[in-house]
*Asks:* 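A single structure is presented below for examination.
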Amino acid sequence: MTYQMSFGDLLPYWDVLARGLLYTIILTVVSTVTGLAVGTAGAWARSFGPKWAGYAVGAYVELIRNTPFIVQLFFVFFGLPAIGVKMTESEAAFLAMVINLGAYSTEIIRAGIQAVPKGHLEAAASLAMSRLETFRYVVLKQAFMKVYPALSSQIVIVMLGSAVVSQISAEDLTYAANFVQSRNFRAFEVYLVAALLYLLLAIAMRALLRGIGRALFPKA
Amino acid sequence: MSLVDIQDVRKSFGPLEVLKGVSIEIGRGDVAAIIGRSGSGKSTLLRCINGLEEFQSGAISVDGMMVGKTDLRTLRRHVGMVFQQFNLFPHLTAGENVMLAPTVVAKLQKGEARDRAAALLEKVGLAGKFDAYPSQLSGGQQQRVAIARALAMEPTVLLCDEITSALDPELVNEVLRVVEQLASEGMTLILVTHEMRFARDVGTKLIFMHQGRVHEEGAPKTLFAHPQTPELAQFVTGAH
Ligand SMILES: Nc1ncnc2c1ncn2[C@@H]1O[C@H](COP(=O)(O)OP(=O)(O)OP(=O)(O)O)[C@@H](O)[C@H]1O
Ligand SMILES: [Mg+2]
């Protein structure tokens, strides 16, 4: 038996796929920005915060890094309503991704903070800067500079991992591909196109992140 | 009254007593050179003066402010420090390094801080390097930026911990010249140094530390010519 390929059968659904792609992009951007903010706060707490905050963040990081993302997502979307926290598919997808990236980026940014020489902290202290000022003006940018490649990779991983949100019917690219496939039964073509779109998106993101890196850290 | 008054300071790291009752008085405009063997407690003493280290007993006052009682940030606005390893912030240009504390801590307007930074960089001989990053500067240039950065907070006293020790020999003099100029302008300086000639020629006071104590102190020229203790005599000859 030979399979007759027909990418033409996808054409009527191009807008569905485009909307899915857009959804994936927006979800990734929004949860990346928020997730990095969470990661920054977490890294601060683990490096400079009070002891109890450091432990709490440590527990959060270990919990998230040692459980599957899909279980985290299901817990947020199906589990939390049991205690009265209800949200839409999109809200749950966003929250789960922020929680996930927040944990991973906490660890990455913390490594960057630890790589800042102690002498720089003493120099800042000697200039009468407070701990918070030191963190904001001396530590943070250096830390990001040092771990920017690792952070960039993690962001792309998060984008690719976002495909899982289709499992709670958040209408991302994978959800769109599933939908199209269920209509025209062109699984091979649909998923091939979806894979290519993810690939292009990943390549575009890496290029964009490199550009942002060059702009932020001119003489790194 | 002396500007920096150190009275019977004792400091231990765990079981190791590093400062065993140090008393020193430094007047306004003094250039105090602290010399001594590795491990004799020179850095620790300096770091006690601006609160980078806490000490267990004794008292230090700077311009009437008691170290340990005065808020650290208030104290440090009056006490500048320059380090052996420069410790410039690599993500900021030379000018931004100098501007940072004046804008963030002293709340100077950007423009005013920029003018001050430019003037200080010119003073240390780096007028053209405002926009250079530390990685683009030589060690001697970096250390001069670090001096300018400390001066930008207009300190009452400047602490220098072996600020030429990490430099290639040919770069030492450009930094010492800046320090000498500060001394001639009346800046109060406390220098830990291995530059004996500089200590003798520029210092107004020499302090020889040995095993956590001030072993000898006095006028540099006298002390170098006539050390009273065998330890200093040996140190002075050994240093050449
Ligand atoms: N943070 C610390 N913890 C434990 N011991 C320390 C610490 N800092 C310094 N010491 C010890 O205190 C003693 C004095 O050190 P200090 O750095 O003050 O000496 P120094 O005179 O500056 O020596 P050098 O000429 O090598 O710089 C040394 O024995 C050192 O090992
Ligand atoms: Mg030392």
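Note on naming: letters A, B, ... go to the chains in the order of the sequence lines (proteins, then strands), and numbering restarts at 1 for each one.
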*Asks:* Would you indicate whether B/Glu122, at its atom CD, is surrounded by more than 12 heavy atoms from other residues, nucleotides or ligands within a distance under 6.0 Å?
*Replies:*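 For B/Glu122, atom CD is not crowded (no more than 12 foreign heavy atoms under 6.0 Å).
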*Asks:* Does atom CD of B/Gln56 have more than 12 heavy-atom neighbours from other groups under 6.0 Å away?
*Replies:*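 Yes, enclosed.
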*Asks:* Which residues in residues 40-77 of chain A have a heavy atom less than 4.5 Å from any heavy atom of chain B?
*Replies:*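 Counting heavy atoms that sit under 4.5 Å from chain B, no residue of residues 40-77 of chain A is involved.
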*Asks:* With a cut-off of 6.0 Å (strictly less than), are more than 12 heavy atoms of other residues, nucleotides or ligands near CZ of B/Arg114?
*Replies:*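 Result for CZ/B/Arg114: open.
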*Asks:* Counting only non-hydrogen atoms closer than 4.5 Å, does B/Leu88 touch chain A with its backbone (N, CA, C, O), its side chain (CB onward), both, or neither?
*Replies:*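 Backbone only.
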*Asks:* Examine whether an atom of B/Arg149 lies under 4.5 Å from a heavy atom of chain A, and if so say whether it belongs to the side chain, the backbone or both; otherwise answer neither.
*Replies:*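 Contact with chain A is through both the backbone and side chain of B/Arg149.
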*Asks:* Check the surroundings of atom CD in B/Glu54: do more than 12 heavy atoms from other residues, nucleotides or ligands lie under 6.0 Å from it?
*Replies:*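 Incorrect, the count does not exceed 12.
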*Asks:* With a 6.0 Å cut-off (strictly less than), is the heavy-atom count around NZ of B/Lys205, excluding the residue itself, greater than 12?
*Replies:*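 More than 12 within 6.0 Å, yes.
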*Asks:* Please flag which part of B/Val82 lies under 4.5 Å from any non-hydrogen atom of chain A: side chain, backbone, both or neither.
*Replies:*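 Interface part for B/Val82: neither.
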*Asks:* Checking A/Val138 against B/Leu100 for the side chain to side chain contact (heavy atoms under 4.5 Å, CB included) test, could you report, in this order, the C-alpha distance in whole Å, the side-chain angles of both residues, the deciding distance, and whether it holds?
*Replies:* CA-CA 9 Å; A/Val138 175; B/Leu100 183 63; 4.0 Å; yes
*Asks:* Quick one: does any side-chain atom of B/His91 pair with a main-chain N or O of A/Tyr137 as donor and acceptor, under 3.5 Å?
*Replies:*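 Confirmed, B/His91 side chain pairs with A/Tyr137 backbone.
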*Asks:* Sub-4.5 Å heavy-atom contacts with chain B: which residues of residues 102-135 of chain A show up?
*Replies:*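 A/Gly119, A/His120, A/Glu122, A/Ala123, A/Ala124, A/Ala125, A/Ser126, A/Leu127, A/Ala128, A/Met129, A/Ser130, A/Glu133 fall under the 4.5 Å cut-off.
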*Asks:* Just wondering, are more than 12 heavy atoms of other shown residues or ligands nearer than 6.0 Å to NZ in B/Lys107?
*Replies:*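 Yes - once you tally the heavy atoms of other residues, nucleotides and ligands closer than 6.0 Å, there are more than 12.
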*Asks:* Do you know which of B/Asn50, B/Asn87, B/Val105, B/Val79 has the most heavy-atom pairs with chain A at a distance under 4.5 angstrom?
*Replies:*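 Going by pairs under 4.5 Å, I would pick B/Asn87.
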